[in-house]
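Report on one structure; see the data block that follows.
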Amino acid sequence: MITGKINVVEGDITQLSVDSIVNAANTSLLGGGGVDGAIHRAAGPGLLAECRGLNGCETGDAKITQGYNLPADWVIHTVGPVWRDGNHGEDALLASCYYRSLELAEQNNIRSIAFPAISTGAYRFPPERAARIAVGTVKQVLEGNTTIDQVIFVCFSQPSYNYHRQAVEDTITNKG
Ligand code: AR6
């Protein structure tokens, strides 16, 4: 049963005491607004210094750093697609963000991971569609042979929370 491994909460991801939090970054990995800005502010300058050595990140890929002043031990930085019209590989690139983040977590023996709603802010991905992709991808990974035992979707608004709850209900709770 993977139901017990997935949680949806409304809140600020920078406050979470989990092994790892995911950052919705841009390809430079050098900070920005939204959740990226909040994570860098809370983590302190050590995070930016480490990010400078990573040489950026491709859309759909992920890279890992320490968490510095955050309660989380690790930050997994991923770059979501900018939404255009849905015909430019956006869905697959968004799924890849979740998949690669989970893969990096496994490689680092991370057991708990918290995700923001990647691409649904500045990058304008439709939030309900994004929530279904997020939950579907996490489900696939958790059903496989994985060391990850807790995935938390951290939503920054009530509608986002509702989309994720609904996606979990439709994709997991009612379908096993
Ligand atoms: N905790 C959890 N979720 C948050 C927080 C927070 N503290 N702050 C915002 N969100 P966005 P993107 C939500 O714009 O769309 C940055 O400038 C927010 O409400 O942060 O992937 C990067 O540098 C939304 O639901 O990321 C890139 O340039 C979600 O996080 C660009 O924005 C994602 O919104 C990436 O855009």
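As a basis for the values below, the full set of heavy atoms in this structure was taken, side chains included, without hydrogen atoms, waters or symmetry mates. Counting starts at 1 for both ligands and their atoms, in listed order. In this text the structure is predicted, and so the values were computed from the model without any measurement.
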Proximal atoms of ligand 1 relative to [X] (non-hydrogen, under 4.0 Å):
{"X": "Asp12", "answer": "1 (N), 6 (C), 7 (N)"}
{"X": "Asp36", "answer": "22 (C), 23 (O)"}
{"X": "Gly11", "answer": "1 (N), 2 (C)"}
{"X": "Thr120", "answer": "15 (O), 24 (C), 25 (O), 29 (C)"}
{"X": "Gly33", "answer": "16 (C), 17 (O)"}
{"X": "Ala24", "answer": "21 (O), 22 (C), 26 (O), 35 (C)"}
{"X": "Gly32", "answer": "17 (O), 23 (O)"}

Quick check against the 3.5 Å criterion: does [X] have a side-chain atom that pairs as donor or acceptor with the backbone of [Y]?
{"X": "Asn108", "Y": "Ile110", "result": "no"}
{"X": "Asp61", "Y": "Thr78", "result": "no"}
{"X": "Ser17", "Y": "Ala72", "result": "no"}
{"X": "Glu106", "Y": "Ile148", "result": "no"}
{"X": "Gln166", "Y": "Asn162", "result": "no"}

So which protein heavy atom does [atom] come closest to, and at what separation?
{"atom": "atom 15 (O) of ligand 1", "value": "Gly121 N, 2.8 Å"}
{"atom": "atom 36 (O) of ligand 1", "value": "Tyr123 CG, 3.4 Å"}
{"atom": "atom 19 (O) of ligand 1", "value": "Phe156 CB, 3.6 Å"}
{"atom": "atom 1 (N) of ligand 1", "value": "Ile13 N, 3.0 Å"}

Phe125 and Trp83 aromatic ring geometry - parallel, tilted or perpendicular at 30°/60° bounds: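 If you compare the ring of Trp83 with that of Phe125, the planes turn out perpendicular.
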
Is the closest N or O pair between [X] and ligand 1 shorter than 3.5 Å?
{"X": "Ile118", "answer": "no"}
{"X": "Thr14", "answer": "no"}
{"X": "Arg124", "answer": "no"}
{"X": "Val35", "answer": "yes"}
{"X": "Pro116", "answer": "no"}
{"X": "Asn26", "answer": "yes"}

Nearest-0.5 Å distance that lies between atom CD1 in Ile21 and atom CG in Leu70: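 Taking CD1 in Ile21 and CG in Leu70, the distance rounds to 5.0 Å.
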
Lys63 side, atom NZ; Arg100 side, atom CZ - distance, nearest 0.5 Å: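 One gets 10.0 Å once the value is rounded to the nearest 0.5 Å.
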
Min heavy-atom dist Ser119 to ligand 1 below 4.0 Å: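 Judged by the 4.0 Å heavy-atom criterion, Ser119 does count as contacting ligand 1.
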
Cys155 touching ligand 1 at heavy-atom level, < 4.0 angstrom: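 Cys155: no contact with ligand 1 (<4.0 Å).
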
Below 3.5 Å, can you tabulate the donor-acceptor pairs from side chains in residues 42-52 to any protein atom, sequence neighbours excluded?
from  : atom 1 : to    : atom 2 : distance (Å)
Glu50 : OE1    : Gln66 : N      : 3.2
Glu50 : OE1    : Tyr68 : OH     : 2.5

Side chain to side chain contact (heavy atoms under 4.5 Å, CB included) partner of Val151, chosen from Val138, Thr146, Val8: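 Testing Val151 for a side chain to side chain contact (heavy atoms under 4.5 Å, CB included) against Val138, Thr146, Val8 leaves exactly one candidate, Val138.
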
Per atom 14 (O) of ligand 1, closest listed option by heavy atom (Ala25, Ala122, Cys97):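 Checking each option, the heavy atom nearest atom 14 (O) of ligand 1 is found in Ala122.
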
Option whose closest heavy atom lies nearest to atom 29 (C) of ligand 1, chosen from Ser160, Pro81, Ala117: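 Nearest heavy atom to atom 29 (C) of ligand 1 lies in Ala117.
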
Cationic N near anionic O, under 4.0 Å, Glu169 to Arg165: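 Here Glu169 does not pair with Arg165 in a salt bridge, since their nearest N and O are not under 4.0 Å apart.
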
Crowding at CG, Asp85 (>12 non-hydrogen neighbours, <6.0 Å):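 Correct, the count exceeds 12.
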
Partner residues of Asp73 under the side chain to side chain contact (heavy atoms under 4.5 Å, CB included) criterion, sequence neighbours left out: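 Checked Asp73 against side chain to side chain contact (heavy atoms under 4.5 Å, CB included); matches are Asp19.
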
